[in-house]
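Report on the following structure.
Along the sequence shown, residues are numbered consecutively beginning with 1.
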Amino acid sequence: GEAPAIPAWAADHLPSMTIKMENDLAVVTNPSSLYVIVNKKRNLPADYAPSDLVVPDIPFAFSGDSPKKQMRKEAAQALEKLVAAASKDGIVLKGVSGYRSYATQKALFDSYARKDGIEAANRYSALPGQSEHQTGLTMDISGQSVKYQLTADLGKAKEGIWLAEHAH
């Protein structure tokens, strides 16, 4: 039979329908969507900044005020529920790095590239415009078992095992 028509709300978020080419760069046309897909093939506009950034009510691995404590409101509320559920199970999770502007991501990538070379940096860091952190929908989190570092070892720690079972 014939494929069902795609509802308008879904079509607005389809990867194939939310991209335009600009100077040989595929740029997303729905940067403020909660369903936006950002990666090495789908760039955010350099000037995109979320309009609803808040600081989630969770513990952080560092003190002081910083934009990297911020997330979009809906993502922050979901993270608060996750951290509270972990706490009930005796698991302490802390925020490490949330929102990053295009300029901040550029400085970070450039620093990694100077230290390790562009090829290496490209394996573990996003180029500016290609980081989900710029969407405001992402927060790196960690646990005490790995001294709140961002490391693959978290996956073997009690906090990482809990996250694998409970984060959706």
Q130 CD to N39 CG distance, which is reported to the nearest 0.5 Å
7.5 Å
Verify the cluster assignment for V55 and I58: are they in a single hydrophobic cluster under the rule of side-chain heavy atoms below 4.5 Å apart?
yes
For Q144, is the CD atom crowded, meaning more than 12 foreign heavy atoms sit under 6.0 Å from it?
no
Go through the structure and list residues passing side chain to side chain contact (heavy atoms under 4.5 Å, CB included) with F62, not counting sequence neighbours.
F60, S66, K68, K69
Are L150 and L108 in one and the same hydrophobic cluster, where Ile, Leu, Val, Met, Phe, Trp and Tyr link if side-chain heavy atoms are under 4.5 Å apart?
no
Exercise: identify the closest heavy-atom pair between D116 and A120:
O-CB, 3.4 Å
Can you tell me how far the CD1 atom of I161 sits from the OG atom of S145, to the nearest 0.5 Å?
9.0 Å
Provide the closest heavy-atom pair for G143 versus L154 in the form atom of the first, atom of the second, distance.
N-CD1, 3.8 Å
Check whether any side-chain heavy atom of H166 lies under 4.5 Å from a side-chain heavy atom of I91, and answer yes or no.
no
For residues 85-112, which residue pairs pass the ring pair (Phe, Tyr, Trp, His ring centres under 6.0 Å) check, not counting sequence neighbours?
Y112-Y124
Look at the side chain of Q105 and the backbone N and O of R100, then say whether any donor-acceptor pair between them is shorter than 3.5 Å.
no
Exercise: identify the closest heavy-atom pair between V54 and A76
CG2-CB, 3.6 Å
Can you check whether L137's main-chain N or O pairs, donor with acceptor, with E132's side chain at less than 3.5 Å?
no
For P56 and M139 the tightest heavy-atom approach is CG-CE, 4.2 Å
Mark yes when over 12 heavy atoms from residues, nucleotides or ligands other than D89 sit less than 6.0 Å from its CG; otherwise mark no.
yes
Holding to side chain to side chain contact (heavy atoms under 4.5 Å, CB included), I want the full list of residues that pass it with V28, two or more places apart in sequence or in another chain.
I19, N30, P31, V36, R42, L44, P45
Shortest non-hydrogen contact from K41 to A26?
O-CB, 3.3 Å
Those residues that, when tested against D52, pass side-chain hydrogen bond (donor to acceptor under 3.5 Å, both in side chains) (two or more places apart)
R72
CG of N43 to CE of M21, rounded to nearest 0.5 Å, is 9.0 Å
Using the side-chain contact (heavy atoms from CB on, under 4.5 Å) rule, take K81 and Q77 through it: C-alpha gap first, then chi angles, then the decisive distance, then the call.
CA-CA 6 Å; K81 288 178 187 168; Q77 290 168 341; 5.5 Å; no
Taking atom CD1 as the centre, does I118 end up with more than 12 heavy-atom neighbours from other residues, nucleotides or ligands that are less than 6.0 angstrom away?
no
Contacts of type side-chain hydrogen bond (donor to acceptor under 3.5 Å, both in side chains), residue N122, not counting sequence neighbours:
K40
Report the distance from atom CG of L53 to atom OG of S101, rounding to the nearest 0.5 Å.
10.5 Å
Pair L82-W162, side-chain contact (heavy atoms from CB on, under 4.5 Å): steps then yes or no:
CA-CA 11 Å; L82 179 77; W162 187 93; 3.7 Å; yes
Can you list the residues that meet the side-chain hydrogen bond (donor to acceptor under 3.5 Å, both in side chains) rule with K158, with sequence neighbours excluded?
none
D140 and H133: CA distance, side-chain angles, deciding distance, side-chain contact (heavy atoms from CB on, under 4.5 Å) verdict:
CA-CA 9 Å; D140 294 335; H133 286 276; 3.3 Å; yes
Does any part of the side chain of V83, heavy atoms only, come nearer than 4.5 Å to the side chain of I141, both counted from C-beta?
no
Take L79 and M71 through the test side-chain contact (heavy atoms from CB on, under 4.5 Å) and record every step on the way to the result.
CA-CA 9 Å; L79 181 61; M71 297 181 79; 3.6 Å; yes
Heavy-atom nearest pair, G136 first then A75, reads O-CB, 4.2 Å
